[in-house]
Protein chains: 2
Amino acid sequence: MLEARLEQANLLKKVVDAIKDLVQDCNFDCNDSGIALQAMDNSHVALVSMMLKSESFSPFRCDRNIALGINLTSLTKVLRAAQNEDILTLKAEDAPDVVNLVFESAESDRISEYDIKLMDIDQEHLGIPETEYAATISMPSAEFQRICRDLMALSESVSIECSKEGVKFACQGDIGSGSVTLRSHTNVDKPEMNVEIDLTEPVSLTFSLKYLVGFCKASSLSGQVKLCLSNEVPLLVEYALANNSYLRFYLAPKIGDEE
Amino acid sequence: MLEARLEQANLLKKVVDAIKDLVQDCNFDCNDSGIALQAMDNSHVALVSMMLKSESFSPFRCDRNIALGINLTSLTKVLRAAQNEDILTLKAEDAPDVVNLVFESAESDRISEYDIKLMDIDQEHLGIPETEYAATISMPSAEFQRICRDLMALSESVSIECSKEGVKFACQGDIGSGSVTLRSHTNVDKPEMNVEIDLTEPVSLTFSLKYLVGFCKASSLSGQVKLCLSNEVPLLVEYALANNSYLRFYLAPKIGDEE
DNA sequence: CTCGTCCTAC
DNA sequence: GTAGGACGAG
């Protein structure tokens, strides 16, 4: 059986909000190392990969592998019932029909409990190869969000060019063109404002802004976002969470005429 | 060529916000004295006249007369990409296809650059005669905004009556009637709260509140607004900016049955 | 000053 | 129904 207690119901709320537009139904794969989720969007252009390590819960108990097939719209409805500071406990049997969510107010004077019916979901197993990326950019997640929104006013696509000079986000559209260039810099007082660029080879790739803007819904989960790029390989957008948990998005580049 | 650096990108943002509902496309006329804009609204009832003097920029360089025909919706989209404290530099060639906007963060670690395509706009040249007005009212811009909004709840039109007693904004509507009367007064500690009335002849005119409320979007540009009236002549609503720059709106009075 | 929400217009 | 702009709160 699964029993996982999350001090901040809010964390799951934000995670589900960030992925529910991409994926409708998916398995939450639970085992003793934590709860994982991997799914492609309908158009098979983007992939989301979530890992909530057992250390992010206290306590965490999961004896066997359990796949919880959940409709994210239903889960969203239930999670809306959580107050922001509520403690959330997820529970499921070994061969479950339902997953059980319990919300406790911090003062324990209020307990709400919900069961969500589970569904059988064909697990197309997604091997994501560990890649060495040619360029890795860390930057404030709010800044990345801002850039994507600004450029979306002009175009559907953005090119991300990373050289040792810095990283340039650029687009062309009907009304004109735009670009934002960032140089790496370090702010000792506010490390969340750092921009760090780690480059082994210059890269230049083009992506759909609509997807990137969608990924940016995760911005509130982490002050920093990491962009990992290699030519002709999907972009990795990673929001690191506490305890080595993470929320990652992969997005295939646009190629040739698509741009 | 034009190169004009504005310490506060915000200023242009507010100016464009205040006029974009009135005018869709218009020329920014640049010469060595600064950047000017004059345009009538579609119904030819209102006229907007902006003057940003060269002294409002540092540096400002414009060798020849250049007319930049800009779609204000496009310009708005680009200006939204400016952080509030960004420094804006406008650049254009002598016979330009595009105008180039560069936003620099104060720390200069972030540079965004946009090109907006220009359009050819027939310049219906508007000679605005310098008029001696019968009445000139200076008042807090927030107070004028408040009055216009309040009265718009009752009617589409407002009459502005100015005598040596004071100025009275009045309207009648289906649900009732309303009026606000101001007398001149001076507040030494807060000169922005002053109401000053300068009168050579009593006036009474009626105007569309919808337009006045629109003009009031400029309220954040200046603590005070100046209303200049003469009978049977368009009202002048002026927001004075630093360095003798200004944003002016003219509005034809309603006459006879229109009221 | 920024964020989130509400309301209005298309 | 969606998108954009206005307003109020933190």
Side-chain angles (χ1 to χ4, degrees), chain A residues 10 13-14 16-18 20-21 73 76 79-80 82-85 139-156 173-175 180 187 189-190 192-193 208-214 216-225 239, chain B residues 6-25 41-43 48 71-88 103-107 110 112 141-153 156 208-221 223 239:
Chain A
N10 220 249
K13 218 170 168 175
K14 289 177 181 173
V16 174
D17 268 349
K20 70 170 198 295
D21 290 341
T73 306
T76 301
L79 289 172
R80 286 187 57 173
Q83 316 276 103
N84 269 345
E85 300 310 314
M139 69 167 92
S141 55
E143 183 147 22
F144 181 58
Q145 184 170 38
R146 179 69 197 261
I147 290 169
C148 291
R149 285 186 186 170
D150 287 349
L151 297 183
M152 200 164 66
L154 301 182
S155 171
E156 294 182 345
D174 293 339
I175 69 171
V180 180
N187 183 325
D189 295 331
K190 297 180 183 170
E192 289 209 332
M193 295 305 290
S208 154
L209 278 165
K210 184 167 135 276
Y211 280 98
L212 294 181
V213 167
C216 287
K217 287 188 184 159
S219 296
S220 61
L221 283 164
S222 173
Q224 287 253 318
V225 63
Y239 296 88
Chain B
L6 193 60
E7 292 278 352
Q8 289 272 345
N10 221 250
L11 176 71
L12 187 63
K13 219 171 168 174
K14 288 177 180 173
V15 167
V16 173
D17 267 350
I19 64 184
K20 70 170 198 296
D21 290 341
L22 228 44
V23 182
Q24 284 68 54
D25 305 310
D41 83 303
N42 290 331
S43 59
V48 54
N71 173 278
L72 293 185
T73 304
S74 304
L75 182 56
T76 301
K77 284 183 184 173
V78 169
L79 289 173
R80 283 189 59 173
Q83 318 274 106
N84 269 344
E85 299 310 315
D86 276 0
I87 296 159
L88 165 62
F103 304 111
E104 285 170 76
S105 64
E107 304 82 17
R110 177 186 196 273
S112 350
S141 54
E143 183 147 21
F144 181 57
Q145 184 171 38
R146 180 67 198 261
I147 290 168
C148 291
R149 286 188 185 170
D150 288 350
L151 297 184
M152 198 163 66
E156 293 182 346
S208 153
L209 277 165
K210 185 167 135 276
Y211 280 97
L212 294 180
V213 167
F215 301 166
C216 287
K217 286 189 185 162
S219 295
S220 63
L221 283 164
Y239 296 88

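Atom set for the values below is all heavy atoms of this structure, side chains included, hydrogens, waters and symmetry mates excluded. Quick note on labels: first sequence line is chain A, next is B, and so on, each numbered from 1.
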Residue list, side chain to side chain donor-acceptor pair (under 3.5 Å) with [X], at least two apart or on another chain:
X        : result
B/Ser74  : B/Asn71
A/Gln224 : none
A/Asp189 : none

With a cut-off of 3.5 Å and sequence neighbours excluded, list every side-chain donor-acceptor pair involving residues 211-221 of chain B.
residue	atom	partner	partner atom	Å
B/Tyr211	OH	B/Asp41	OD2	2.7
B/Tyr211	OH	B/Ser43	OG	2.6
B/Lys217	NZ	B/Asp21	OD2	2.0
B/Ser219	OG	B/Cys216	O	2.6

Every protein N/O lying under 3.5 Å from an N/O of nucleotides 2-10 of chain C:
residue	atom	partner	partner atom	Å
C/dT2	OP2	B/Asn84	ND2	3.1

Check salt bridge (Lys or Arg N to Asp or Glu O under 4.0 Å) between B/Glu156 and all other residues, then give those that pass, not counting sequence neighbours. none

Is there a side-chain contact between B/Arg80 and the phosphate of D/dG4, meaning an N or O under 4.0 Å from OP1 or OP2? no

Check whether any side-chain nitrogen or oxygen of B/Lys217 sits under 4.0 Å from OP1 or OP2 of D/dA6, and answer yes or no. yes

For atom NZ of B/Lys20 and atom P of D/dG5, their distance in whole Å: 5 Å

Nearest whole angstrom, please: distance from the P of D/dG4 to the CG of A/Asp150. 13 Å

Indicate every side-chain donor-acceptor pair of residues 79-88 of chain B with a distance under 3.5 Å to a residue at least two apart or in another chain.
residue	atom	partner	partner atom	Å
B/Gln83	OE1	A/Arg146	NH1	2.9
B/Asn84	OD1	B/Asn10	ND2	2.6
B/Asp86	OD2	B/Gln83	N	3.1

Using atom names, set out every protein N or O paired with an N or O of nucleotides 7-10 of chain D below 3.5 Å, distance rounded to 0.1 Å.
residue	atom	partner	partner atom	Å
D/dC7	OP1	B/Arg149	NH1	2.9
D/dC7	OP1	B/Arg149	NH2	2.8
D/dC7	OP2	B/Arg149	NH2	3.4

Distance-only, no hydrogens or angles: does the A/Ser222 side chain make a donor-acceptor pair with backbone N or O of A/Tyr239 under 3.5 Å? no

Under the side-chain contact (heavy atoms from CB on, under 4.5 Å) test, residues paired with A/Asp17 that sit two or more places apart: A/Lys20, A/Thr76

